[in-house]
Protein chains: 2
Amino acid sequence: MGRRRPGTPTLEEVAARAGVGRGTVSRVVNNAAGVSDSTRRTVQQAIAELGYVPNLAARSLAGRRADAVALVMTEPDWRLFAEPFFSGIVSSLGDALADTGMQLLLTLVRSDAERRRFLEYARGGRVDGVLLMSVHADDPLPDMLAEARLPTVLLGRRSGDERVSYVDADNAGGARDAVAHLLATGRRAIATITGPLDMYVAQCRLRGYREALASARLAADDSWVAQGDFTEESGQRAMARLLERHPGIDGVLAASDTTAAGALRALRTAGRRVPQDVAVIGFDDFPLAERTEPRLSTVRQPLTEIGRVMVRLLVEELEEPAVAWRHVILRTELVLRDSA
Amino acid sequence: MGRRRPGTPTLEEVAARAGVGRGTVSRVVNNAAGVSDSTRRTVQQAIAELGYVPNLAARSLAGRRADAVALVMTEPDWRLFAEPFFSGIVSSLGDALADTGMQLLLTLVRSDAERRRFLEYARGGRVDGVLLMSVHADDPLPDMLAEARLPTVLLGRRSGDERVSYVDADNAGGARDAVAHLLATGRRAIATITGPLDMYVAQCRLRGYREALASARLAADDSWVAQGDFTEESGQRAMARLLERHPGIDGVLAASDTTAAGALRALRTAGRRVPQDVAVIGFDDFPLAERTEPRLSTVRQPLTEIGRVMVRLLVEELEEPAVAWRHVILRTELVLRDSA
DNA sequence: GTGAAAGCGCTAACAC
DNA sequence: GTGTTAGCGCTTTCAC
């Protein structure tokens with residue numbers, strides 16, 4: 001396939017027109033010091049006249065940098081991609097990267113073929129680093145990236161002893177706080193709707209739920225636990241199942257605000273009054289809660305902060321490659337509304 | 001920032017180890033013909049032993065191609081990014097690009113700064129072509145790309161005389177069909193919830209709605225029209241407004257399935273029976289309808305086909321640059337369910 | 001402060 | 001079939 005784009009002026013042509021050397025033009029383009037104001041202006045004018053745009057492949061080859069980072073979503077189920085959690089993170093990453101001058105590239109990896117292809121892309125030097133989100137416990141991609149010595153930062157661990165750098169929220173602590181609050185308000189029949197249990201984040205929250213119940217000397221057998229997948233629909237179904245098993249439920253910890261919204265729907269369908277009969281607390285999916293369920297209490301994850309920290313860790317790895325793995329666990333905050 | 005990744009073997013080293021010339025290695029790597037099976041194997045072994053990975057910047061520089069295309073979302077409101085329409089299209093583009101060997105890169109452009117930055121990225125040759133979706137009528141990006149002679153394909157026109165290549169659905173026709181069906185089943189008080197009216201797609205659907213009413217000699221003054229923004233929430237609010245103005249509504253054409261789901265919610269809250277009292281038809285947002293509102297009738301847009309055609313048009317522009325703008329309008333299909 | 005020159009790692013055209 | 005060579009357009013020393 002012929003993809004050449006002819007007629008694009010080069011550094012050299014700019015230099016010729018400005019009557020200077022290529023090095024000087026390069027310095028001007030990159031805002032480097034060591035160029036007199038007058039020649040800088042001359043060069044800038046030549047650039048403008050010719051409509052010069054640097055060839056990034058050449059820059060990349062000479063400078064050994066891509067000025068881009070990839071955000072990879074290894075989510076075989078595209079529905080999750082539609083959840084507000086993703087857009088919240090993406091948004092915050094975009095903001096955080098704005099200063100660094102790096103392009104944020106989102107890529108979907110839904111199959112082994114796509115995994116291989118992306119790996120080639122990244123190892124080929126088209127990105128300086130990789131951000132990963134929504135990683136399931138058995139996903140090999142982080143290790144593949146680490147092996148290729150590509151600076152990588154995960155959003156969320158795959159397990160308790162994750163080695164790759166990551167940023168995570170204090171999921172167990174958040175769950176504990178939420179359930180402790182429900183207990184403190186006199187609830188005793190407290191269920192939980194989890195995320196996919198092959199994700200560490202879901203395991204942690206379940207653990208937090210159990211720990212809180214245990215310290216109140218309450219049993220927490222599996223009939224009080226229903227698995228969902230973070231979607232609203234799954235929350236609705238899970239809640240319906242829980243209600244069947246335990247009509248007396250008076251409190252619920254949900255995997256996400258989206259899940260919680262589904263649970264609320266099921267509760268109302270079942271004629272239960274929320275929050276009078278049942279209190280529901282979800283994990284923060286970002287502004288969705290504000291929009292559709294303003295009265296929902298949540299364990300707030302600092303999504304904006306997560307994006308900022310991910311970028312910070314990645315930049316650190318770029319500056320000082322592969323000396324260590326960096327881990328940051330962000331505190332969660334319980335935000336109470338009418339429903340609890 | 002030092003982003004060099006040292007220790008990466010080069011083509012030359014592979015050639016040395018295999019005892020062949022660089023050209024031969026290049027041919028093997030690119031699966032080109034003209035290499036004997038035995039040397040091909042020798043080279044492949046050397047590649048494996050060294051863990052060689054082609055440097056894509058160098059390939060790009062020498063071969064004048066990026067082997068990547070960008071899908072740009074120029075949506076200042078990230079909430080829309082969470083709608084299933086996006087994930088449906090992205091999914092289908094990913095599939096369609098799988099054969100071409102090109103990487104799909106999603107990029108968000110939410111501000112002028114990001115617009116400029118992306119333009120630099122694309123003009124710098126990091127992508128071979130650009131796909132654009134969710135373009136508002138006043139978005140200058142398509143023209144900027146065209147001016148830079150970058151192969152570009154839009155999903156949806158910006159206006160009736162769009163010049164840049166595009167793929168679109170027959171929105172006016174789809175709306176007409178939907179309203180005609182409502183009329184045929186005896187409905188007479190038919191309202192519509194539109195998308196953002198600064199998008200041509202929304203204008204077309206509104207026009208289709210009006211045309212269908214007009215041919216039935218029915219008035220369609222503005223009090224029957226409420227503007228939304230494709231989200232469920234906006235659908236709910238718009239429906240509530242319409243019900244206030246016209247309690248007797250017996251049919252609704254909604255901007256999307258998502259919007260329609262919101263409308264249904266408002267209708268039920270208002271105590272209206274759906275579909276007995278009111279029939280609702282939305283535009284296809286892909287499987288969302290199947291999930292949460294299986295009984296919703298829709299004007300089905302062939303999302304998978306849209307992705308496929310977008311890629312086809314882009315490839316055509318790559319092969320044979322800038323000879324023409326290509327436009328494809330895909331037919332819609334009215335799929336009826338219980339609610340209509 | 002500025003210019004010249006040496007690569008960066010690859011593809012593609014051309015010899016053999 | 002296979003090796004050799006000339007770039008692709010830039011950054012980055014190193015002289016001046």
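So that the names make sense, note that chain A is the first sequence line, chain B the second, and so on, each numbered from 1. Keep in mind that the numbers below use all heavy atoms, side chains included, and drop hydrogens, waters and symmetry copies.
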**Q** Counting only heavy atoms not in B:Glu49, do more than 12 sit closer than 6.0 Å to its CD atom?
**A**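 Above 12, so yes.
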**Q** On the nucleotide D:dC8, are OP1 or OP2 found under 4.0 Å from the side-chain N or O atoms that A:Asn55 carries?
**A**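 For A:Asn55, the contact criterion (side-chain N or O under 4.0 Å from OP1 or OP2 of D:dC8) is not met.
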**Q** CG of A:Asn30 versus P of D:dT13: gap in Å, rounded?
**A**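 To the nearest whole Å, that distance equals 13 Å.
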**Q** Could you give the CZ-to-P distance, from A:Arg126 to C:dG9, as a whole number of Å?
**A**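 Value for this atom pair: 16 Å.
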**Q** For A:Val20, answer base if it contacts any base atom (sugar-phosphate contacts may also be present), sugar-phosphate if it contacts only those atoms, and nothing otherwise; contact means non-hydrogen atoms under 4.0 Å.
**A**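 Sugar-phosphate: the residue A:Val20, judged by heavy atoms under 4.0 Å, touches backbone atoms but no base.
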**Q** Given atom CG of A:Leu50 and atom P of D:dG9, what is their separation to the nearest angstrom?
**A**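 Between P of D:dG9 and CG of A:Leu50: 14 Å.
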**Q** If you find the nucleotide of DNA chain D closest to B:Arg40 and the one closest to A:Gly23, which residue's nucleotide is nearer the 5' end?
**A**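 It is B:Arg40 whose nearest nucleotide is closer to the 5' end.
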**Q** For A:Thr39, answer base if it contacts any base atom (sugar-phosphate contacts may also be present), sugar-phosphate if it contacts only those atoms, and nothing otherwise; contact means non-hydrogen atoms under 4.0 Å.
**A**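 Since only primed, P, OP1 and OP2 atoms lie under 4.0 Å of A:Thr39, the category is sugar-phosphate.
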**Q** Check whether the side chain of B:Arg22 and the base of C:dT11 form a donor-acceptor pair under 3.5 Å.
**A**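 Answer is yes: a donor-acceptor pair is held.
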**Q** Could you tell me the separation between the CG atom of B:Leu56 and the C1' atom of C:dG9, rounded to a whole number of Å?
**A**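 B:Leu56 atom CG is separated from C:dG9 atom C1' by 11 Å.
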**Q** How long is the line joining CZ of A:Arg65 and P of C:dG9, in whole Å?
**A**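 These atoms are roughly 16 Å apart.
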**Q** Let me know the distance between CD of B:Glu120 and P of D:dC10, rounded to the nearest Å.
**A**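 So the two atoms are 13 Å apart, to the nearest Å.
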**Q** How close or far is atom P of D:dT2 from atom CZ of B:Arg41, stated in whole angstroms?
**A**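 Going from CZ in B:Arg41 over to P in D:dT2 covers 12 Å.
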**Q** To check you understand the geometry: which heavy-atom pair defines the closest contact between A:Ser134 and A:Thr74, and what is its length?
**A**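 A:Ser134 and A:Thr74 have their closest heavy atoms at O-OG1, 3.4 Å.
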**Q** Kindly say whether B:Leu150 contributes a backbone atom to a donor-acceptor pair with the side chain of B:Thr152 at under 3.5 angstrom?
**A**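 Answer holds: yes.
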**Q** Select from B:Leu61 and B:Ala33 the residue whose nearest nucleotide in DNA chain D is closer to the 5' end of that strand.
**A**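 The residue mapped nearer the 5' terminus is B:Ala33.
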**Q** With heavy-atom distances below 4.5 Å as the criterion, would you say the side chains of A:Leu132 and A:Tyr166 are in contact?
**A**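 Sidechains of A:Tyr166 and A:Leu132: no contact.
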**Q** Side chain of A:Val35 only, heavy atoms from C-beta on: which candidate in C:dT2, D:dT11, C:dG9 is closest?
**A**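 The nucleotide sitting nearest to the side chain is C:dT2.
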**Q** Quick one: is D:dG3 close enough that its OP1 or OP2 comes under 4.0 Å of any side-chain N or O from B:Thr24?
**A**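 Yes.
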**Q** Quick one: does B:Ser91's side chain have a donor or acceptor within less than 3.5 Å of a partner on B:Gly88's backbone?
**A**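 Between the backbone of B:Gly88 and the side chain of B:Ser91 there is no qualifying donor-acceptor contact (under 3.5 Å).
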**Q** With sugar-phosphate meaning primed atoms plus P, OP1 and OP2, does A:Thr10 contact a base, only sugar-phosphate, or nothing at under 4.0 Å between heavy atoms?
**A**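 If one applies the 4.0 Å heavy-atom cut-off, A:Thr10 turns out to touch the sugar-phosphate alone, with no base involved.
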**Q** What is the distance, rounded to the nearest whole Å, between atom CG of B:Leu11 and atom P of D:dT4?
**A**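 So the CG-P distance, B:Leu11 to D:dT4, works out to 14 Å.
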**Q** Return whichever of B:Val53 or A:Gly19 has its heavy-atom-nearest nucleotide of DNA chain C closer to the 5' end.
**A**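 Looking at the nearest nucleotide for each, A:Gly19 comes out on the 5' side.
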**Q** Does a distance-only test, which skips hydrogens and angles, find a donor-acceptor pair under 3.5 Å between the side chain of B:Arg27 and the base of D:dG3?
**A**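 Such a pair exists between side chain and base.
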**Q** So, is A:Ser36 near the phosphate of C:dG1, with a side-chain N or O under 4.0 Å from OP1 or OP2?
**A**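 Result: no.
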